Amino acid sequence: MTSPDLLLKAYCTMLLARRLEEKITAIYRAGGIAGGVYVGRGQEALSAALGHSLRRGVDIFAPLIRDQAGRLAFGEDPAEGPRTYLGRATGPMRGRDGNVHRGRPSEGMPAMISHLGTMTSVVCGMLLARRMQGRETGVGATSLGDGATSTGAFHEGLNLAAVEKLPLVMVVANNQYAYSTPTSRQFVCADLVDKAVGYGIQGHTCPGNDLSECLNTIGKAVADARGGGGPQLIVAPFLRLSGHGEHDDAFYVDPALREGPLGRDCVDIAREQVLASGAADEETLATMAGEIADIVATATATAQKDPLPDPYAETWQALKTSCPA
Amino acid sequence: MTSPDLLLKAYCTMLLARRLEEKITAIYRAGGIAGGVYVGRGQEALSAALGHSLRRGVDIFAPLIRDQAGRLAFGEDPAEGPRTYLGRATGPMRGRDGNVHRGRPSEGMPAMISHLGTMTSVVCGMLLARRMQGRETGVGATSLGDGATSTGAFHEGLNLAAVEKLPLVMVVANNQYAYSTPTSRQFVCADLVDKAVGYGIQGHTCPGNDLSECLNTIGKAVADARGGGGPQLIVAPFLRLSGHGEHDDAFYVDPALREGPLGRDCVDIAREQVLASGAADEETLATMAGEIADIVATATATAQKDPLPDPYAETWQALKTSCPA
Amino acid sequence: MSEINYIDAIRKALHDAMADDPGVFLYGQDIGAFGGAFKATKGLYETFPGRVLDCPISEDAMSGLALGAAIEGMRPVIEMQFADFSTVGLNQIINNCATHFYRTGIPAPVVFRLPSGGTPGSGPFHSQSMEALYAHYPGLIVFTPATVADAYSMLREAIAIDDPVIFCEHKLLYRWLKEDSIRGDGLPWHRARVARVGKHATVVTHAAMVHEALRAADQLSEDGWEIEVVDLRCAKPLDRTTILGSLARTGRLLALGEAFPFGGVTAEVVSIAATEGFELLDAPPQRLNSRDTPIPYQPDLWRAHRPTAESIQAALRRLLAF
Amino acid sequence: MSEINYIDAIRKALHDAMADDPGVFLYGQDIGAFGGAFKATKGLYETFPGRVLDCPISEDAMSGLALGAAIEGMRPVIEMQFADFSTVGLNQIINNCATHFYRTGIPAPVVFRLPSGGTPGSGPFHSQSMEALYAHYPGLIVFTPATVADAYSMLREAIAIDDPVIFCEHKLLYRWLKEDSIRGDGLPWHRARVARVGKHATVVTHAAMVHEALRAADQLSEDGWEIEVVDLRCAKPLDRTTILGSLARTGRLLALGEAFPFGGVTAEVVSIAATEGFELLDAPPQRLNSRDTPIPYQPDLWRAHRPTAESIQAALRRLLAF
Ligand SMILES: Cc1ncc(C[n+]2csc(CCOP(=O)(O)OP(=O)(O)O)c2C)c(N)n1
Ligand SMILES: Cc1ncc(C[n+]2csc(CCOP(=O)(O)OP(=O)(O)O)c2C)c(N)n1
Ligand SMILES: [Mg+2]
Ligand SMILES: [Mg+2]
């Protein structure tokens, strides 16, 4: 059973992620962000549970597109998101890359590229390196969507993790759609977790919008990986509660899904669970919501005041090595 | 139960494939073939069973590296192999491609490229096209090795077949090694057929060196695919009885495997099965062996007499379209 | 009369090709009821039932499937959601599709639509111009239309061609570029177009850079410089005749492209000029490409990374001053 | 004294790098006890237990793994079984490894060893020279050693460099090229070498073509022509100084390469000559590449597909006659 304290902590992270992304969306709608905005609405429970199951400084977390909550749980500064979306020189990507492609690889958080599935093998490499160096490897966690399971990169990476028996924790956020594509056009297995046996690894499932279940299941999977149980595949179904990006009104989402159990908002479920656990009462949560609003306001204000990169000062060096011409 | 006639026919094909490849190897060892020679020694039962389960003119067969027997069963002229190895202008590849990369795509036999796994989706495309054209699709069969299951192309192709519910028959020839690499460095699932459930498709297994079993299992899988059962995954374990290529002495093969049941030569097993079935007696088989020797001699002699391509007459056109400069 | 933009022209070309030839079908991510990430296929799913298929996120398999379908007589048009993701299908494209006719004698009429090029905020993985990779490999034709009319006519031609065509459509032009009609000048696909006639220097370029070049030429015309702009249209094979013809008139060449600097189309254009048009040149040919780094996300950085009317103008002034 | 060949030099470089730096490890198909398809790693599995790993047939994952290991401070050396199969890992190489330093500031010291180039009977998928693809993308360094000494020293340098290096080793040279020792001339990796001094024309080339060029130069010397041969060694970045320096001496350029003709290294070399060395040129620069078709299997066709001493000689005679 999940401890009430952990539930509260994770709920708090979820709410911070939700509010932060709402603010980023507002800036986007006001024309302040170029490109797109991609939010984790609906995925906060799963993502926060993953982030809180990891130990910063020991473990690796390779977040994907909808992992704002997991990032915060893993210790990302709330200003990193706004800084990156706003292309600030102070953000981890210094304006060179944007939105969800941020990371601090030397702090255990690699920076994803867009090509789906590709971060799987990168995490494998990090884990393998640590093992070769005789260091404590920690576990290496990453997530991807139902759609990304169709990529060769997912397959090759997961299989390689199994062959090398690496402590990889792979979370599949099955949010029923890949952009507009329903899962029926993505795979036909009864449950994505059925893939685990074909890789010879352990599989787990949990409802992706149920914080308590996510914490339990992921906590166990992480412990198994840490204990030498090899790669762990966690499949968590729920519904994406946003468009693919904030430009997308998601007209294609089946209303039955919205109204069914997968469509329940994880934030609402988590709130009920927190209250039921006794970790906090309505009043405490109200105070907390106020504090979160402050954090969001400060993070975005900070980012907005931060300097932009200076194209005239840019040296355009793709290499660390300097080569005389 | 396999009919005695089919057993005999398939055994005959196996033996022809074996002798033909022995002859090609002899030419290679005498310095008559550039590049390498890759034989199906040990895989003849599986391959012949696949080829004989298909209907030329209706079905598609995309052979891979060790499918000389399946090619013959599907109707390939025995001279095609020698012609292609010898780079003759008369071969299907006209010297432009060699050895096992031959095919006649417009006759239902695509020509493989080297990159493992890639033919899976090509067969899918052929099947999809036929379905869209409202033609009888036939089934589309292809094979690959234990090693090729690690490729992203295999995964993407098989999954796509499942999503499109195509009559793809995928035979995994698990010959225990990918070049020198044992299966333990390739996958860790208990049995490769465990992958089927993760793709939501039917899985089958049979001992790859047992002709009768191969005919039964593949016959059933082909019938299932033909009957609308979607993709079929057949996994057949046995031992490669050659090196990876004829340059390779396969020193790395575990002697225990050679001496165990996987190491039994499928030609010996098939011969016993034919005799036991009553389809032929020793005398008939001796006559048959003589005929096969003649076929092999004729095929290679023909190929050797055939003209080489003329580099001076070559127009070097990679495009069908002619573009004025 | 209503205006038609570049993406409308693409949609219309797909529509008309499907209406004319039952062998044409579309395969790609989110191209069905959703109409595609850029709405290039909007409405086609409804108009042509069963011929516009949403596919899994499997660029390798999509590309292999295209070859298989072509072998059986279809004319698949594959939409890559962004050109950048075609790297995942590149092996099937360059090694399977592109070699097929040479190896087997059976043509592979497949079209890969690659939404290409940079837009503000699209960053390193949604901005690439991949002509260099595909043009390098034998067996592929590479189109890079720069006008609404070409978007239409060249896509029709791409689908009609019996070989694999890489169709690089520029995302920046999708909605920005509008014309009164899709009627073009009937130039065959393998001919470059003199998009602007001049006499002092030639800019040879393609795709979105045609418009930057035209802007630069406008600006320079205020100082009396007459800049000729050649729109390559087809990046491979290159139209040597038109390139050299223009050089014969102007004697000065700027090869301009949005792709990365090493190799690629601009290097090939300069090479053609230098090897075949040496005596036509009154000054060293010049090149202008993007910077040799990944394409930055932040809009100011992005604008400094790619050539613009301003940097083209500067390059032309140097060329004219020689 | 015993002779050492090109593949021995590679093996020794791997050995010495592993002996010197515990961060170096090897990852590839069949490179363990088997010693690799070409025996480049023979014996290393035994000498360095746990540091030479056989991997699954997963070029994408191998390449991604290399980046991850580099992030954690290792120096992975990936063996592609043949250069041609690196297309399957290309996405990870050009989009993940190559962009990493620019995007994150964290360097990615990984080496991809690509057994490259044609040999008789190796055909369209075991013969490719892939410099053009990798050199086009920012963030990669591309080595193409042509000598035994360079095979050794440049591989050592590749492993020491903090950026991703594509190491194109030429299969034709593996056993054919022998020298008395691996001791070279100490040229830094970013410098091209004047492999033969001449005064009438310069051939700029790399990898196996260096030897074809030297043969052609020998043949032409019988007629009194002194041909300079520049061995690029590093295909990206190119050593403009040495190229232009040679042109200053000879005034005539033949850019020679084994890769496909469109774009690539020879186009880049000609472009450098034309844009930066225009006034040095006494004749139009020339290019010679392979044919623009897949690489044929049959040995006579193959020999007619690639440049050879004979076709180089013919190209040089045309250039000298200008
Ligand atoms: C290889 C590749 N192909 C296509 C895309 C374009 N793309 C970006 S997100 C996306 C949908 C992803 O769906 P899923 O994996 O289910 O994740 P979700 O967005 O639902 O969280 C697609 C197709 C991509 N990023 N990478
Ligand atoms: C993508 C790719 N990587 C590497 C190779 C080189 N290669 C050719 S055959 C082979 C081993 C194949 O093993 P398996 O799939 O088990 O088939 P088998 O040879 O045992 O029949 C390898 C690694 C290749 N052809 N394609
Ligand atoms: Mg999804
Ligand atoms: Mg095998």
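Hydrogens, waters and symmetry mates are skipped; everything else that's a heavy atom, side chains included, is used. Chain letters run A, B, ... following the sequence lines, proteins first and then strands; every chain starts at 1. For clarity, every value in this text was computed on a predicted model and none was experimentally measured.
In terms of heavy-atom pairs under 4.5 Å with chain D, the best-connected choice from C:Val270, C:Leu90, C:Thr293 is C:Thr293. Highest contact tally toward chain D, considering only C:Phe85, C:Tyr297, C:Tyr102, is held by C:Tyr102 [criterion: heavy-atom pairs under 4.5 Å]. Chosen from D:Ala98, D:Ala259, D:Ala273, D:Ala283, the residue pairing most often with chain C at heavy-atom distances under 4.5 Å is D:Ala283. With chain C as the partner, the residue from D:Pro296, D:Gly277, D:Pro138, D:Ala267 showing the most heavy-atom pairs under 4.5 Å is D:Pro138.
Within the 4.5 Å cutoff, the side chain of D:Pro284 has no heavy atoms near those of the C:Thr275 side chain. Here the side chains of C:Gln128 and D:Tyr137 are in contact, with some heavy-atom distance below 4.5 Å. Contact annotation: the side chain of C:Phe262 never approaches that of D:Pro237 to less than 4.5 Å [non-hydrogen atoms, C-beta and beyond]. No side-chain heavy atom of C:Glu59 sits less than 4.5 Å from a side-chain heavy atom of D:Asn91.
Going from atom CD of D:Gln286 over to atom CZ of C:Phe278 covers 10.0 Å, rounded to the nearest 0.5 Å. We find the NZ-CG distance between D:Lys236 and C:Asp292 to be 3.5 Å, quoted to the nearest 0.5 Å. Going from atom CG of D:Asn96 over to atom OG1 of C:Thr87 covers 10.5 Å, rounded to the nearest 0.5 Å.
With a 4.5 Å cut-off on non-hydrogen atoms, C:Leu281 touches chain D through its backbone and its side chain both. Residue contact with chain D, scored on non-hydrogen atoms closer than 4.5 Å, involves the backbone and the side chain of C:Val265 alike. For chain D, no part of C:Asp60 is nearby; none of its heavy atoms comes within less than 4.5 Å. Within the 4.5 angstrom heavy-atom criterion, no atom of C:Ala255 approaches chain D. At a 4.5 Å heavy-atom cutoff, the contact between D:Phe260 and chain C is made by backbone and side-chain atoms alike.
Minimum heavy-atom separation, C:Ser271 to D:Ser271: OG-OG, 4.2 Å. When every heavy atom of C:Pro261 is checked against every heavy atom of D:Glu268, the shortest pair comes out as O-OE1, 3.6 Å. Across all non-hydrogen atoms, the minimal contact from D:Pro285 to C:Ala274 is CD-O, 3.4 Å. Nearest heavy-atom pair across C:Leu133 and D:His136 is CD1-CD2, 3.8 Å. The minimum heavy-atom distance between C:Thr99 and D:Phe125, with the atom names listed, is OG1-CZ, 3.7 Å.
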